Amino acid sequence: MCIQERRTPDNYTFSTLLKSSGDLKDLKTGEMIHCRIIQTGFISDTVLVNSLMGMYFKCESYYNIRKLFDEMPQRSTASWNMLISGYTVLGNFSFTEDIWELVKQMQIEGVKLDKFTVSSLLPLCGTKDNTGKLDYGREIHCFALKNDMYLGSLDLHVGCCLIDMYSKNKKITLGRLVFDGMSGRNIVAWTAMITGYVQNGCSEEALMLFREMQLRAGIEPNRVSLVSILPACSSLAGLREGKQIHGFAIRNEFNHEVSLSNALIDMYSKCGSLGSARCIFYDVIHSKDAISWSSMIAGYGLHGNGDEAISLYNKMIQLGIKPDNITLVGVLSACSRSGLVNEGFEIYNSAVTDYGVSLTVEICACMVDMLGRAGQLDQALEFINSMPMKPGPSVWGALFGASVIHENAEMRDLASSYLIQLEPENPSNYVSLSNLHASFGKWDVVAELRRGMKDKGLRKSPGCSWITISNEIHSFYVADKTHPCSSLIYEMLDDLISMMKGSHDFPD
DNA sequence: CGGGTCTGAC
C-alpha cells in the first residue's frame, strides 16, 4: 500500500454519509456519524444538523429530531420542516405542544414557511375519520396562492397535497379545480385526483379520468394508479374493466405485487367472480399480508359461504398472521349472513381477548346484525348497551333491519328514533320507515313522514341495479317496466320468489 | 437538509 493521504472530512462528506445511512435506515452508522460531527465541531452548522434530523427521520427515531431542534443555535425553515415532519408521523400528542402552535411560533419568530412546510401541513388537514380541518386547509391554500408556490405554475407536490386534502374533506369539486389548474401534471397528480374520486364514491368519474390519463395525456399507469382504480371497478361491478386492468398488470409485471393482488381479490369477489379471487389469493404464495386474508375472508362471506370464511380465518390464525378490526368485520359479517351465531360469538371473544383486536363501532354493528338476524333481539340490545363507545347509525340500522324481519314493533321504533336523532338529514331513515308503514296500510303515518322529508328538503336517490351484457348496460329501478324484456324479467322474478319462499331456509 | 398518489369493512 502506498502512503495514504489523511483528509479531514468536511460538511459535504458528512452530509453525503448521513443521506446514505438514512436511506439504508442504518441508525447505528448514523449515530456514529453524529458523534464524529460533534467531535469535529460541525454541530453548530445548521445545514448539517438539518441533515442529521433527516437521517433520524428516515430511521424513525423521532425524539432525536426534537432534541437536535431544541439544542441547535440557529434554525432555518428546513429545521422547522423536519420537526413538523416528525409530528406528521407521530401525531399531535406525542410531542408536548400542538403542531398548529408550532406553526404559529414559526411565524412569530419570522421564519418563512416554504413549499415543504405547506406540503407537510396539508395532510394534517384531512383525516380519514371525517374530523378534518378544512378551514386550516383553505388557509394554507391561500398562503400558497399568496406566496411563491403559484409562480409560473403550482408546485406539483403542493398541488397533489391540496387535491388530497380537499378530497379527504369531501370537497372533490375543489380538488378538481386544483387539478385543472396544475400544469405539467404527472402520474402522481392524476392518481391523486383518481383516488379522490374513488374515495368520494364517484367511480364513473374515476374511470373516465383513468382513461383520459392514458389516451389524452399519454401517461402509462403504474402500480399505484392500478391499485387506486380497482376499487372503482369493484363498486361498479365492472368486471370487464377490472379484467382489463388485471391484463395490463400482467403485461407490465405488476401482478406479483401484494397490494395489487389484494385489490384484485377484492375486485373479483365484489364483481361476482369468487373463483378468480380465489386463484389470485392462492397465487400470492410468499407475501400474503393481513389484507390479502381479510379480503378473501370477506369475499367468501359476501358469497354466503360462511363456513369457508371461518375456516380461512382459523387458518390465518394458525399461520400466526394477526387479524385486525377489518378482518373481524369480514368474518363476523360472514357469520351473520350464514346464521352462524355461536361461531361468530366465539371468534369475537377470542379476537378481543387473545389477539388484542380493538373494538370499533363497525365490529359492534356486525355483532348486532348477527344477533338480530338470528332473532335474538334482546341480546342485540343488551350488546348495544354494553358497547364501550357511543352506538352509531350503523348499529341502530342493524337493529332496525332485524326488528323489521322479526316483526318486533317496539324494538323497531326504538332503533328508528335513534336513527332519526343521529342522522336527521339522511333520507334513507325516513324512506325505510315510510315503506314499512305503507306495507301495513298506515297511509296517515306515511303522509306525515313524506311531508317531514319535503319540509327538510330531503330526497333519496332511487336505488338502482345493473348488469352489463355484451357491452350494453341494462339498469333497473324500483317497479321499473321500461326494459324491453320487462314482462319476461318479472315472470322469472316471480318464479324465483316462489322458489325462495318454498325453501326451508326462509322464515316466511 | 426535506415533500406528493395506493389495497381490506355495516
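The analysis underlying the following values was restricted to heavy atoms, covering all of them including side chains, and did not include hydrogens, waters or symmetry mates. It should be emphasised that the depicted structure is a prediction, and the values quoted were computed from it without experimental measurement. Here is the naming used below: chain letters follow the sequence lines, and residue numbers restart at 1 for every chain.
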Query raised in the report: Once you round it to whole Å, what is the distance between C1' of B/dG2 and NZ of A/K19?
Result: 10 Å
Query raised in the report: What does A/S228 touch in the nucleic acid at a heavy-atom separation under 4.0 angstrom: a base, only the sugar-phosphate, or nothing?
Result: sugar-phosphate
Requested in this report: Please confirm whether any donor atom in the side chain of A/S295 sits under 3.5 Å from an acceptor in the base of B/dG8, or the reverse.
Outcome: no
Query raised in the report: Which part of the nucleic acid, if any, lies within contact of A/L156, taking any heavy atom under 4.0 Å across all strands shown: a base, the sugar-phosphate backbone alone, or nothing?
Result: base
Requested in this report: List the steps, then state whether side chain to side chain donor-acceptor pair (under 3.5 Å) holds for A/T327 with A/D324.
Outcome: CA-CA 5 Å; A/T327 322; A/D324 63 14; 2.8 Å; yes
Query raised in the report: Considering only side-chain heavy atoms of A/E362, which listed nucleotide, B/dG4, B/dG3, B/dA9, is closest?
Result: B/dA9
Report task. Could you tell me the separation between the NZ atom of A/K168 and the P atom of B/dG4, rounded to a whole number of Å? Result -> 12 Å
Query raised in the report: Are the aromatic rings of A/Y197 and A/F179 close, with centres under 6.0 Å apart?
Result: no
Query raised in the report: Phosphate oxygens OP1/OP2 of B/dC1: is one of them under 4.0 Å from a side-chain N or O of A/S15?
Result: yes
Query - Touch class at under 4.0 angstrom, heavy-atom based, for A/S79 against every strand present - result: nothing
**Report entry** A/D155 side-chain proximity, nearest of B/dG3, B/dC10, B/dC1
**Finding:** B/dG3
Requested in this report: Look at the side chain of A/A78 and decide which nucleotide, out of B/dT5, B/dG4, B/dC1, has an atom nearest to it.
Outcome: B/dC1
**Report entry** Under 5.5 Å and under 30°: A/F116 stacked on B/dG2
**Finding:** yes
Query - Any residue of residues 263-270 of chain A with a heavy atom less than 4.0 Å from an atom of DNA chain B - result: A/D266, A/K270
Requested in this report: Output the single nucleotide from B/dG3, B/dC1, B/dG2 whose closest atom is nearest the side chain of A/V158.
Outcome: B/dG3
Requested in this report: Give A/D114 one of three labels, base, sugar-phosphate or nothing, depending on what nucleic acid heavy atoms sit under 4.0 Å from its own.
Outcome: base
Query - A/D164 side-chain proximity, nearest of B/dG3, B/dT5, B/dT7 - result: B/dT5
Report task. Mark yes when over 12 heavy atoms from residues, nucleotides or ligands other than A/F254 sit less than 6.0 Å from its CZ; otherwise mark no. Result -> yes
Query - Test of ring centre spacing under 6.0 Å for A/F281 and A/W293 - result: yes
**Report entry** Listed nucleotide nearest any side-chain atom of A/T191, set B/dT5, B/dA9, B/dT7
**Finding:** B/dT5
Query raised in the report: Heavy atoms under 4.0 Å, any strand shown: does A/A290 hit a base, just sugar-phosphate, or nothing?
Result: base
Query raised in the report: Nearest to the side chain of A/R223, which nucleotide is it out of B/dC6, B/dG8, B/dC10?
Result: B/dC6
Requested in this report: Whole angstrom is fine here: how far is it from CE in A/M53 over to P in B/dC1?
Outcome: 13 Å
Report summary line: Separation of B/dG4 atom P from A/H157 atom NE2, nearest Å, is 8 Å
Query raised in the report: Is it the case that more than 12 heavy atoms not belonging to A/K171 sit under 6.0 Å from its NZ atom?
Result: no
Report summary line: Considering only heavy side-chain atoms of A/N325, the closest of B/dG2, B/dC10, B/dA9 is B/dA9
Query raised in the report: Hey, is the side chain of A/S259 pairing donor to acceptor with the base of B/dT7 inside 3.5 Å?
Result: no
Report task. Identify the residue among A/L264, A/I280, A/L274 that makes a side chain to side chain contact (heavy atoms under 4.5 Å, CB included) with A/S269. Result -> A/L274
Query raised in the report: Looking at the side chain of A/S51, which of B/dC1, B/dC10, B/dG4 is the nearest nucleotide?
Result: B/dC1
Report summary line: Tested for side chain to side chain donor-acceptor pair (under 3.5 Å) against A/T13, the lone hit among A/N11, A/D10, A/T16 is A/D10
**Report entry** Qualifying residue, where the test is side chain to side chain donor-acceptor pair (under 3.5 Å) with A/S76 and the options are A/D114, A/T46, A/N50, A/N81
**Finding:** A/N50
Query raised in the report: Expressed in angstrom and rounded to an integer, what is the separation of A/K115 atom NZ from B/dG4 atom P?
Result: 13 Å
Query - Atom pair CG/CD1 of A/L226 and A/I194 - distance to nearest 0.5 Å - result: 9.5 Å
Query - Protein-nucleotide distance (A/E423, atom CD; B/dC10, atom C1'), rounded to Å - result: 12 Å
**Report entry** d(CE, A/M296; P, B/dA9) in whole Å
**Finding:** 13 Å
Query raised in the report: Between A/N262 and A/S259, is any side-chain donor less than 3.5 angstrom from a side-chain acceptor?
Result: no
Query raised in the report: For the atom pair NZ (A/K133) and CE (A/M165), what is the distance rounded to the nearest 0.5 Å?
Result: 13.0 Å
Query raised in the report: Residues from residues 387-396 of chain A sitting under 4.0 Å of DNA chain B, heavy atoms only?
Result: A/S394
Query raised in the report: When you check the phosphate oxygens OP1 and OP2 of B/dT5, does a side-chain N or O of A/Q199 lie under 4.0 Å from one of them?
Result: no
Query raised in the report: Please give, in whole Å, the distance from B/dT7 C1' to A/N222 CG?
Result: 14 Å
